[in-house]
Amino acid sequence: MQKIKRMLSLMLAVLLIFGVLTACGDKKSKDAGVDETPDNNLTNADDAQNEGSDTESEARILPDLPDDVNFDGHVFTVLTHREESDDWLTPEPREIAAEIEETDEPINDAVYRRNEILKDKYNIDFAIVSNPDEKGQLNKTVKSGDDAFDAVLIFNNNVPGVITSGNLLNVANLPYIDLDKPWWDAGVNSMSIDNKNYLLAGDMLILDNEATNALLFNKDLMSDLSLELPYNLAKEGKWTMDKLDEYIKQGSADLNGDGVMKPDDDRWGFVGYNDTLHALLVSGGGTLASKDENDLPYMDFTSPRNLQVIEKAMDIMYNKPDVLNIQSDISDGGANSVNWLRAYHSSFEENRALFMWVRMRVVEKFRGMDSNFGILPMPKFDENQENYYSVVNPYTGVLLGVPKTASDPERTSIILEAMSAESRYTLQPAYYDVVLQRKFARDEESSEMLDIIFGSRTYDIGGVYAFGNVFLDFITLCNKSNRDIVSYYDKRSNSMEKDINKVIAVFEDLD
């Protein structure tokens, strides 16, 4: 009888493990709805409502690819950026190649397993070439007619120059890329112009997750202040800018009693960057630029609703007694830039910040933090906004492209489709479930919040293309606590419109 009980217990454990692993296959959230923003801004957030997150009953989806393909040992080579920053743990992308078989590091091991599967199936290998100036190297490669690279990972703020230089293939010319499959990110459609798309993102990447904007909050500090954890607000769609502002005002304190709020001495209700102003604009359902019925961009941030969102975002960011904007209040823009970055991290690590704006990659910085913390999506404008929007940061995000000189677009499309499909069941569970939910997020509720955050990931074409330098100018307003957004637009509108028209003209001439 004892033997039978042990066997039944073992069978039950196996079934439970299988259920957990299966549930990791989808990052979408049922909680994400659809906002009244224009159709051209539809993203993962809109898909999330329709798709849901119940994958325990979901059969594994297979790519529509030929079975009898042998690429004769071709080394699939990806040009990538390299980013040396105190804000990032690894300078090179982790999702393309893995040199070591077993490291107990989930990302490395998942990439290794995925690549081994594809090596066996297609007789290929994988390699990366990293360069701090991936844009410059790609341009030289394409102009010389060199087919050294099969694909390229491009920093979002380098995307405009790369595309308008004619360096990438239109995704329509990659025959086996099926954008209807769930491993491709529908949000990238917002980056098309003139119905031409040169960019991809999806499950073969984790850098799009890592560049997604979110909030951290100190759970222990919130308990000390007798504040209710905001998880239920988020799950019920009631996590708004006004609610965030209420918490912020209760979280700050002049700890040393000198009557002056100092970055290293006192406690802040909220800590962020200049970029946070843009993140709040997008989370409130706004954009710097939208697109019309012909898929052509136009400046949008001074529309009546966007101005309402910006005003409320500025109410938060310019609340100097309670909010610390690290870049405007500490940074001198020069040699001390690393110091302000460290001050940004230490304010949260030392329990001197109730809330903190982050790109998700920064969460790993707090793996050794003693205090418990939680994760939340960026807030809505108000409860009438049906959906959360989590923008991919224009500086730290990356997008995938295929160089125009890639010698075999059919081969490239097969490999990219296969990598993305396989990553859905290897890389994404490793990143999403194992790394975040088990190592860093300190509670089950934060795992639910990740469903919302990644299920509502979106891109602002105005932030990425920065028409007329609008993105940098916009966050510079935050640096100066400047509210006069309409005067700024009036002064810069001609420059922005000229820039848009130049980009449109280039796209009209592209293949």
Side-chain angles (χ1 to χ4, degrees), residues 28-53 186-187 190 212-215 217 227-250 270 272 276-292 298-319 355 357 375-392 445 448-463 474 483 485-486:
K28 308 298 184 185
S29 168
K30 291 179 180 178
D31 293 333
V34 180
D35 187 25
E36 65 275 14
T37 47
D39 290 344
N40 53 52
N41 291 323
L42 297 179
T43 67
N44 291 331
D46 309 286
D47 294 336
Q49 182 185 30
N50 299 322
E51 202 169 299
S53 59
S190 65
T212 301
N213 288 197
L215 296 177
F217 69 95
L227 298 174
E228 183 179 352
L229 299 183
Y231 288 131
N232 285 335
L233 289 172
K235 288 189 283 188
E236 293 168 3
K238 298 178 180 179
W239 179 236
T240 65
M241 291 185 186
D242 286 340
K243 287 294 182 183
L244 173 61
D245 197 39
E246 290 176 16
Y247 275 92
I248 289 172
K249 290 174 180 175
Q250 297 176 79
F270 186 88
T276 310
L277 185 65
H278 178 252
L280 287 167
L281 167 63
V282 176
S283 76
T287 53
L288 291 175
S290 294
K291 294 191 294 182
D292 64 19
Y298 64 93
M299 299 314 299
D300 189 40
F301 65 92
T302 54
S303 69
R305 188 182 184 282
N306 278 346
L307 288 176
Q308 286 183 310
V309 177
I310 292 171
E311 181 178 7
K312 193 167 287 190
M314 288 179 172
D315 287 342
I316 293 172
M317 291 304 299
Y318 299 170
N319 179 3
F355 283 91
W357 169 85
I375 303 173
L376 289 167
M378 296 295 295
K380 299 178 179 181
F381 173 70
D382 58 24
E383 291 185 30
N384 294 322
Q385 179 181 317
E386 294 183 43
N387 190 57
Y388 294 101
Y389 286 97
S390 304
V391 69
V392 178
E445 290 88 350
E448 296 178 56
M449 297 301 104
L450 293 181
D451 289 336
I452 298 175
I453 292 165
F454 294 136
S456 62
R457 189 172 56 238
T458 188
Y459 298 80
D460 178 5
I461 191 171
F474 186 76
R483 288 182 175 271
I485 193 75
V486 174

Is the shortest side-chain heavy-atom distance between Asp242 and Asp382 below 4.5 Å? no

Here the gap from Leu227 atom CG to Gln250 atom CD, rounded to the nearest 0.5 Å, amounts to 5.0 Å

If you look at every heavy atom in Ala313 and Leu280, which pair is closest and at what distance? CB-CB, 3.7 Å

Could you give the distance from OG1 (Thr212) to CZ (Phe454), rounded to the nearest 0.5 Å? 5.5 Å

Tell me if a side-chain donor or acceptor on Lys380 pairs with a main-chain N or O of Glu386 at a distance below 3.5 Å. yes

Is the side chain of Thr287 donor-acceptor paired with the backbone N or O of Asp460 at a distance under 3.5 Å, no angle test? no

Would you call the rings of Trp239 and Phe355 parallel, tilted or perpendicular, where under 30° means parallel and over 60° means perpendicular? parallel

Is there a side-chain contact between Lys312 and Phe381 (heavy atoms, below 4.5 Å)? yes

Just so I know, are the side chains of Leu244 and Leu376 near enough to count as touching, which here means a heavy-atom distance under 4.5 Å? no

Any side-chain heavy atom of Pro379 sitting closer than 4.5 Å to one from Asp245? no

Check whether Tyr388 reaches the backbone of Ala234 with its side chain - one donor and one acceptor, N or O, closer than 3.5 Å. yes

Rounded to the nearest 0.5 Å, what's the gap from CG on Leu307 to CG on Leu281? Could you check? 9.5 Å

Taking Asn306 for the side chain and Asp300 for the main chain, is one N or O donor matched with an acceptor at less than 3.5 Å? yes

Ile452 versus Met449: any side-chain heavy-atom pair under 4.5 Å? yes

When rounded to the nearest 0.5 angstrom, what is the spacing between CG in Asp451 and NZ in Lys235? 11.0 Å

Roughly how far apart are Glu311 CD and Arg483 CZ, rounded to 0.5 Å? 6.5 Å

I'd like to know if the side chain of Tyr247 reaches the main chain of Glu228, judged simply by a donor and an acceptor atom lying under 3.5 Å from each other, with no hydrogens or angles considered. yes

Side-chain (Gln385) to main-chain (Ser283) donor-acceptor, under 3.5 angstrom: yes

Work out which heavy atom in Pro377 is nearest to a heavy atom in Leu215; give both atom names and the distance. O-CD1, 3.9 Å

Any side-chain heavy atom of Thr240 sitting closer than 4.5 Å to one from Glu246? no

Tightest non-hydrogen contact, residues Met378 and Tyr389, listed as CB-O, 4.3 Å

By the definition side chain to side chain contact (heavy atoms under 4.5 Å, CB included), identify the one residue from Val391, Val309, Leu288 that meets it with Val282. Val391

Do Phe270 and Thr276 come close enough that some side-chain heavy atom pair is under 4.5 Å? yes

Measure the CD-CE distance between Gln308 and Met241 for me, rounded to the nearest 0.5 Å. 11.0 Å

If you define the side chain from C-beta out and look only at heavy atoms, does anything of Ser390 sit under 4.5 Å from Asn213? no

